[in-house]
Amino acid sequence: MRLKSHITGANRRGVYLAVGWLVLCMGLAPARSGRSIATPHGRLQEASSIAFDGERALEHVRRLVALGPRPVGSPAHDRARQYIIEQLRALNLDIVRDDFTAQTPLGPIPMTNIIAPVAGQSDDLIIIGGHYDTKLFTEFTFVGANDGGSSTGALLELARVLTSGEQRPPHEIWIVFFDGEEALVRWDPPRDALYGSWHLAEQWEREGILSRIRAFILLDMIGDRHLTIRRETGYSAPWLITLIWDTAARLGYSEYFTEGTLAVQDDHLPFARKGVPSIDLITDFATGPFAPYWHTAEDTLDKLSPRSLKAVGDVVLQALASL
Ligand SMILES: [Zn+2]
């Protein structure tokens with residue numbers, strides 16, 4: 001992704017409205033397995049019967065990082081894709097592969113978006129996505145623990161949670177692993193960067209899918225231990241920002257969902273410009289604590305924390321009830 005501009009400023013929190021969907025459905029079915037979690041504001045019903053496990057998410061990242069650098073077209077990138085597909089199939093998800101060949105400054109490169117649909121109570125769609133490629137660097141070893149790894153690990157753990165509940169989520173959810181987010185030479189989407197998301201947004205527009213999407217939640221670099229997510233104001237929908245920040249405050253995660261704003265071009269851009277309400281949850285890679293490690297050899301596993309991954313996972317799951 002690339003920073004559009006960076007502005008800091010205070011924003012007031014709104015009133016929290018989100019309620020876990022299990023709570024909503026308690027009148028219909030006994031909450032046999034619903035758990036409650038402690039927050040600074042009292043106990044709150046979990047949005048699903050199984051909680052998001054930050055350690056599990058981090059273990060996925062560990063396995064991806066162990067593959068080494070995973071730029072598009074590399075053998076390690078193929079293995080990362082295979083790992084994602086195997087994990088999703090183990091959850092009995094019928095995955096959809098979106099294979100295409102991207103025209104890049106380095107020539108044509110095959111790429112694959114991976115889509116894992118989770119059935120819901122309505123046909124409306126929620127997209128939760130993130131990229132699984134890592135940026136190509138030849139001058140140093142770049143394993144992308146946070147950049148490419150963290151979102152992938154979180155999405156795989158979200159898939160486990162969303163398929164393990166006794167209650168279907170309110171809306172159909174498609175978990176999307178985007179390929180080719182990173183620029184190969186110089187950031188210039190869609191000529192160089194955002195290959196996968198651009199391709200999918202165009203395809204879904206032709207197929208009439210975009211109009212079914214109620215919200216698109218993008219995760220990108222959400223695992224650093226001093227996670228500092230600011231409101232992304234370049235392309236994110238204001239009502240989605242309010243919903244997510246109110247949810248985070250209610251869950252006691254304002255430490256991670258902080259004040260201030262930043263504007264970023266990321267995989268939500270092609271969807272947002274086609275009218276899909278979108279939000280990018282991304283650490284402040286420009287001025288936050290992770291900034292010294294971004295796109296360097298230091299984006300390694302030791303910079304991550306399972307608590308950060310869980311904070312984002314919990315907030316996304318809880319917010320689903322209000323979308
Ligand atoms: Zn990057």
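Order of appearance sets the numbers: ligands from 1, and atoms from 1 within every ligand.
- The closest approach of E182 to the Zn ion (ligand 1), by N/O/S atoms, is made by OE2.
- Not one N, O or S atom of E181 sits under 2.8 Å from the Zn ion (ligand 1).
- The side-chain contact (heavy atoms from CB on, under 4.5 Å) test applied to R206 returns E202, Q203, not counting sequence neighbours.
- E86 has no carboxylate O lying under 4.0 Å from a charged side-chain N of R89, or vice versa, which leaves the two without a salt bridge.
- The Zn ion (ligand 1) sits nearest to atom OD2 when only the N, O or S atoms of D147 are considered.
- A salt bridge does not link R230 to E259: none of the charged side-chain nitrogens sits closer than 4.0 Å to a carboxylate oxygen.
- For D267, the side-chain hydrogen bond (donor to acceptor under 3.5 Å, both in side chains) test picks out S197, with sequence neighbours left out.
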